[in-house]
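Here is the structure we will look at.
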Amino acid sequence: MLELSTPVQYVKGVGPRIAEILNGKGIHTVGELLLYLPFRYEDRLNPRGIAELRPGEMATVIGEVRNSGLFRTRRMPIFQVTIGQGRAKLRCLWFNATYLQDKFKPGQMIALYGKVEEDPRSRELQIMQPQIEILGDPDEVGEDAIEKKATESLEVGRIVPIYEATGRLTSRWFRKVIRTALDNLTPDLPDAIPAAVRAHLGLISPRAALWNVHWPEPGESLNDLQSSRTAAHIRLIFDELFFVELGLELKRRQQKAQTGIAFRLDDRARAAIKKILPFHPTAAQKKVLKEIAADMEKPYPMRRLLQGDVGSGKTIVSFEAAIIAIENGCQVALMAPTEILAQQHYFSARRILETAGYRIVLLTGSLEADRKREIRRHIAQGNAQLVIGTHALLEEKVEFAKLGLVIVDEQHRFGVMQRLKLMKKGDDAHVGTAASAVPERSKAAATTLVPEPDVLVMTATPIPRTLALTLYGDLDLSVLDELPPGRTPIVTKCVPDDQSPKVWDFVRKQAEAGHQTYVVYPVISENEESELKAAVKMYRELSGKIFADLKVGLLHGRLDPDLKDQVMRMFQKGELQILVATTVIEVGVDVPNATVMVIEHAERFGLAQLHQLRGRIGRGAAKSYCVLMTGGKVTEDGQRRLDAMVRTNDGFQIAELDLELRGPGEFFGTRQAGLPSFRVANIIRDQELLEAAKREAAAVLAEPNSEIAPEEVSRALVQMRARWRHTYGLVEVG
Ligand code: ADP
Ligand code: MG
């Protein structure tokens, strides 16, 4: 008997060599083989009479072999079989099928499935390359045996599962092997989903689900099958989502059970916040700050995601949170994904917060060793109250005297896995050592003694809510759904790059009106093959010729950090009118006086990236313009991206389309981003089941629990842990 955990090579018909191919596809066990679901189904149900066939239809036919033979044409050998039912005859043809030569004998019964065509010359019906199965010879095995075989056939006379072929492994091969695996599968498959949950959703047993998803019962709706909505599909999809959500839910609960810092939001803190605000906060900013402050007041650590489209004003909200922590005598760490962004936060923090007397330091990887050491000392002694840096902040051995709040900006650039690591390191920084240096046990001991810092992560990637639920299910969610007042919508135009003289004229006019422009290129320097205009080369062209009378700067990732810094500062102060850059300016950069964003080779950029780049402008009161220049051929998808940009400024709409164009895996940058790699679930298609899974997971872990017995809960948790480790490839949960 096969267990779900049995290595796939022990399935009859697999063996070590094929097992290797399957392993390459992520199929290691019988259970994983059985979750290799058909990507579509064919209705080969009702065998048809030859006389009633019509050209163009797919049909199943059972008939008797009349004659067969190979004939050679100039181009290729063709194998032909004629089958008959009484006087009606049907011809079947296979190209290059010499291997079929000795297969057929007159009088044999065969079943076949394929597309009916009309021979253009003879006008007779034929089927090219049908799926076939030999049912047997009535003289040898008897009529009954043939009938039995016909009903048992895997190929015809039923709804047939079609699998994606992989290399030599054809759909037909999968059909046979998966069937064998099912035939030999142990009869008692345990069901780790608690009975109450099964009842809520009307879930069928795992065994029935596995059988029916591959071999649908007669009468199953083809529509439901194709859209993965049969009871079997729902059971398997829910199963997969439920254990992911259960893990996330457990994480949430464990976080809440930890000791955090109960910050006090008293009048002094309120006054301090009021004093620094350079403008009236939007209603959304107020609402979100309230949510954050309520978390911070609680005695367990905050784990909150702040989601807000580019330019919605997340920075100031995070500063407000920082003030609460600082006013409570704690230190705050603010991390940005790039040095440029860290720098910028440092400057605005100084501008906004230093008037209140807070002590702020910047710690980035590129600082000189001496300087770093000194800053680290300030941090360790508690002199520095707000520490701003790149994630080097956590990778280096930074000891905080009393870390109370960690803010991670532009979280999506870090990826979900990295985020989990960051949080972990946040904990470690907190106890005063780098992650690897502390043995597990003492780490645990230390964290129970010292309260956990609050964590606020911020992202501009507007993830549809249900996706946020899966990806950030362990976080609470706040959304900034309003832009600060006085913004005029950005005008976006798409033009071919032979129109560039007009574009440059426009840039000049904007400069004359006192505004600034970004010009962005996809790569740093041109190589021979590539026709892309590189930033460096175009910088020379723009600064030397086209805008010889204007001040033009160049910014790219390979510049020396000091120089980067200097260029950025000059642009910020308005000393440069035009900034030629690569995508280093993609996230976070905030220069409200910049009103034009020219993106060359815009067709090469992803949608999210274009939206982020466009988010650099439209940050002040003046009208802003985004010009998408295209060079050369634009693919169909490329055109859809550009059209979307021209059509809307709404980050949510853009994200939805992006998701549609790229699919969930790509959208989040594959597994690295920590998206669980689902086998049967598709989080776009299965949003409702995802929400149900989340709801049920919360119900299972709720305490007290009158509906679910403790044994059932622990059985579900054991299963969940095993899955998190082996299947989803996610970090382990507690
Ligand atoms: P993001 O959410 O993209 O990080 P920022 O925090 O950089 O956005 O804010 C974008 C711009 O809007 C900044 O110039 C900021 O000073 C300004 N801003 C933020 N909140 C308000 C507000 N309530 N009123 C006016 N301007 C604001
Ligand atoms: Mg920002």
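Being a predicted model, the structure only gives us computed values, none of them experimental. Numbers here simply count residues along the sequence, with the first being 1. For ligands, and for the atoms within them, numbers begin at 1 and follow the listed sequence.
If you check each of Arg616, Gln285, Arg619, Arg487 against atom 17 (C) of ligand 1, the one with the closest non-hydrogen atom is Arg487.
With a 4.0 Å heavy-atom cut-off, ligand 1 is reached by no atom of Gln307. Residue Thr282 touches ligand 1 through backbone and side chain together, judged by heavy-atom distances below 4.0 Å.
Counting atoms of ligand 1 from 1 in the listed order, those under 4.0 Å from a heavy atom of Val310 are 3 (O). Residue contact check: Pro281 has heavy atoms under 4.0 Å from atoms 23 (N) of ligand 1. Counting the atoms of ligand 1 from 1 in the order shown, those under 4.0 Å from a heavy atom of His280 are 22 (C), 23 (N), 24 (N). For ligand 1, the atoms lying closer than 4.0 Å to a non-hydrogen atom of Thr315 are 4 (O), 5 (P), 6 (O), 7 (O).
Put simply, the residue from Val479, Thr282, Leu306 that forms a side-chain contact (heavy atoms from CB on, under 4.5 Å) with Val288 is Leu306.
Classification of the Tyr518-Phe571 ring pair by plane angle, with boundaries at 30° and 60°, yields tilted.
Residues in residues 475-484 take part in these side chain to side chain donor-acceptor pair (under 3.5 Å) pairs, two or more places apart or across chains: Arg252-Asp476, Glu291-Ser478, Arg304-Ser478. Sorted by first then second residue, the salt bridge (charged side-chain N to carboxylate O under 4.0 Å, His left out) pairs that include residues 312-329, not counting sequence neighbours, are Arg268-Glu327.
In summary, the side chains of Glu603 and His601 do present a donor paired with an acceptor at a separation below 3.5 Å, with no hydrogens or angles considered. Side-chain polar atoms of Glu600 and Tyr521 form a donor-acceptor pair below 3.5 angstrom.
Taking every heavy atom of both residues into account, Val591 and Arg619 meet most closely at N-CD, 4.5 Å.
In terms of polar-atom proximity, defined here as any N/O pair under 3.5 Å, Pro592 makes no such contact with ligand 1. Taking any N or O of Gly311, backbone or side chain, at least one lies under 3.5 Å from an N or O belonging to ligand 1.
Close to ligand 1: Ser312, with a non-hydrogen atom less than 4.0 angstrom away.
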